[in-house]
Amino acid sequence: MPLFITILLLYVVQPVLVRLDPGRFWPAVMAVSVLVALFAYPPLGSPSDVALWRWMGWSILASCAVMGYFDYRGRLYSPALTEARLHALTARIRPHFLFNSLNAVLGVMREDPRRAEVALEELADMFRVLMKEHKELVALDSEISLCERYLDLERLRLGERLVVNWDLSCKPAQALVPPLLLQPLLENAVYHGIEPSQLPGDIAVRVARRSNEVLIEVSNPIVDTPRAQKGNQIAQANIRERLSLFFDLEADMRIDRSGGRYSVRIRLPYRRLNT
């Protein structure tokens, strides 16, 4: 009985335990086991049956064995498959994005060589980011910086037609997000909401923290053209799968089409840099 109570309690305090380093994780598990044993001993045991120290010892041993088993299974089966899947999903993003960026640079090379040189430097910086192994969470500020460089390149093609409104007033400090999470959303917004129209259009980006969650929203105008009705599915399925690989059921992505705008809303757990 104490084992089941301990496992249930460990599940409840799991959000706190996952932020602990290994040197503190196992002592915390043992501390929970001892507390459960102390509270469960009077109603479930007696000195004539099993001594208190044995009761606590078996509780600690059983709890550590169960937690160790699940940790072993997680390390044995998850990392290699998850890492390979993340690499494949990230690789899908690169060709389309790089093709558009190179075309944008070529378009201004004769008219404004200096601007083309700066754009190539920005593109080189982005190459360094894109060629990394994206198997770990990255700083939100780094993701936003990457998106700003991407939008600078897109403005070479779209000029004043591309307007981006950033709402970062409630941006969570030191937040961690999956790599290349925001850039594909902006790329979709440009492709479906700005390019098909000859009029200026605005992309709204909002990043905020709510309790222990990070909320990200990207919205763009709905332009009624044939290509605006298709093409989102691959990028959205890509992002959904990467959210699942990083956060399982703790994250989700929702789509809203209302008020003449197409909005993508992402909710994910708040993770922060260790300081």
Between [atom1] of [X] and [atom2] of [Y], what distance do you get to the nearest 0.5 Å?
X	Y	atom1	atom2	answer
Ile239	Leu180	CD1	CG	9.5 Å
Leu123	Tyr150	CG	OH	12.5 Å
Asn165	Ile203	CG	CD1	9.5 Å
Leu181	Ile216	CG	CD1	5.0 Å
Leu268	Asn212	CG	CG	12.0 Å
Tyr270	Leu140	OH	CG	9.5 Å

Please lay out, stage by stage, how Leu137 and Arg271 fare under the test side-chain contact (heavy atoms from CB on, under 4.5 Å). CA-CA 9 Å; Leu137 298 175; Arg271 301 283 187 268; 4.1 Å; yes
Using a strict threshold of under 4.0 Å (side-chain N to carboxylate O), is an ion pair present between [Y] and [X]?
X	Y	answer
Glu195	Arg157	yes
Asp152	Arg149	no
Glu154	Arg161	no

The criterion is side chain to side chain contact (heavy atoms under 4.5 Å, CB included); which residues satisfy it with Leu168, sequence neighbours excluded?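 Applying side chain to side chain contact (heavy atoms under 4.5 Å, CB included) to Leu168 gives Ile144, Trp166, Lys171, Val207.
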Whether the side chain of Arg209 engages the backbone of Ser211 through a donor-acceptor N/O pair (distance < 3.5 Å, no angle test) should be reported. yes
Between Glu143 and Leu182, is there a donor-acceptor pair closer than 3.5 Å when you use the side chain of the first and the backbone of the second? yes
Let's go through Tyr262 and His192 carefully: what are the C-alpha distance in whole Å and the side-chain angles of both, what is the deciding distance for side-chain contact (heavy atoms from CB on, under 4.5 Å) to 0.1 Å, and is it a yes or a no? CA-CA 9 Å; Tyr262 186 95; His192 296 284; over 6 Å; no
Met109 and Leu156: same hydrophobic cluster, using ILVMFWY side-chain contacts below 4.5 Å?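 Yes.
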Same cluster or not: Leu106 versus Val190, using hydrophobic residues (I, L, V, M, F, W, Y) connected whenever any side-chain heavy atoms lie under 4.5 Å apart?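 Yes; tracing contacts between hydrophobic side chains, which count when under 4.5 Å, links both residues.
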Before giving the answer on side-chain contact (heavy atoms from CB on, under 4.5 Å), spell out for Leu186 and Val218 the whole-Å C-alpha distance, their side-chain angles and the decisive distance to 0.1 Å. CA-CA 7 Å; Leu186 287 171; Val218 177; 4.2 Å; yes
What are the two closest heavy atoms between [X] and [Y], and how far apart are they?
X	Y	value
Val223	Gly193	CG2-O, 3.5 Å
Tyr191	Pro196	O-CD, 3.3 Å
Pro221	Ile194	CD-CD1, 4.4 Å

Can you pull the salt bridge (charged side-chain N to carboxylate O under 4.0 Å, His left out) pairs that have at least one residue in residues 210-223, sequence neighbours excluded? Arg210-Glu213, Glu213-Arg267, Glu217-Arg265
Evaluation steps, side-chain contact (heavy atoms from CB on, under 4.5 Å), between Ile266 and Leu215: CA-CA 6 Å; Ile266 293 177; Leu215 307 178; over 6 Å; no
Compare all side-chain heavy atoms of Pro269 with those of Glu250 and state whether any distance is below 4.5 angstrom. yes
Compare all side-chain heavy atoms of Leu243 with those of Pro178 and state whether any distance is below 4.5 angstrom. yes
With a cut-off of 6.0 Å (strictly less than), are more than 12 heavy atoms of other residues, nucleotides or ligands near CG of Leu249?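 It does not: Leu249 CG has 12 such atoms or fewer within range.
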Checking Ser219 now: which residues fulfil side chain to side chain donor-acceptor pair (under 3.5 Å) with it, not counting sequence neighbours? Arg261
